[in-house]
Amino acid sequence: MFEQIKLPYASDALEPVIDAATVETHHGKHHAAYTKTFNELVEKAGLTGKSAEEILSNLDAVSDLTLRTGLRNQGGGYLNHNIYFEQLRPEAEAKKAPEGALLAQIEKQFGSVDKLKEELNALAASQFGSGWGWLAKKADGTLVTFKSANQDNSYSLGMDDVTPILALDVWEHAYYLKYRNLRADYLKALWNIIDWSVAEERYK
Ligand code: MN3
């Protein structure tokens, strides 16, 4: 049984970056619905006991195309939002910059953390329609940035040995109540509540 993460902060604790109504709808409605439907589809497909990563990495094994698409969308919606909500913290608590091995790798590949943020924001802002911007780690420790449509992620896209480090949700439900059409403003502000200590843990 897959469970959505319980938010380690109150729904109004991410303000002013993300308003309480957005957190309540996003986590309490959208993410809850993805999780519920994913559980139903997993049971229907006879995949109970497998991890979400495993299921999404092996979608080709599901012969029923409707079921396969459902697992891809709902499973991605379940997993991606766990990654997203877990990495956020109230502005006063969030670790504002990475240290150690992750910082060293970012500087080596991107020049600086600011350059990485610029690249990721541009990537996520350019996603046509709903989707995600990602920072991820390859098995050899190098970092990779990419964007995905809908609820796709590295697993459903068949990117072997790629583990998500940060997930930027650019579905309109993530920002539209407060930022309206200004996706770039949301992305810029989002960095104020991204907790780099979570990213460091994921990078290990
Ligand atoms: Mn979302």
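Ligands are counted one by one from 1 in listed order, and the atoms in each one are counted from 1 as well.
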Practice problem: Validate the cation-pi geometry between Lys137 and Tyr203: distance from NZ or CZ to the six-membered ring centre under 6.0 Å, angle to the ring axis within 45°. | Solution: yes

Exercise. Taking atom types as modelled, find out whether Ser11 and Glu24 have a side-chain donor-acceptor pair closer than 3.5 angstrom.
Key: yes

Self-check item: Under 3.5 Å donor-acceptor, Lys36 side chain and His31 backbone
Solution: no

Exercise. Determine how many protein N/O/S atoms sit closer than 2.8 Å to the Mn ion (ligand 1), leaving waters out since they are not shown.
Key: 4

Quiz item: Are His81 and His173 near enough that their ring centres are under 6.0 Å apart?
Solution: yes

Quiz item: Does a side chain donor of either Tyr9 or Arg89 reach within less than 3.5 Å of an acceptor in the other side chain?
Solution: no

Exercise. Could you walk me through whether Tyr34 and Tyr78 pass the ring-ring contact (aromatic ring centres under 6.0 Å, His included) test, one step at a time?
Key: CA-CA 5 Å; Tyr34 289 126; Tyr78 155 74; 9.7 Å; no

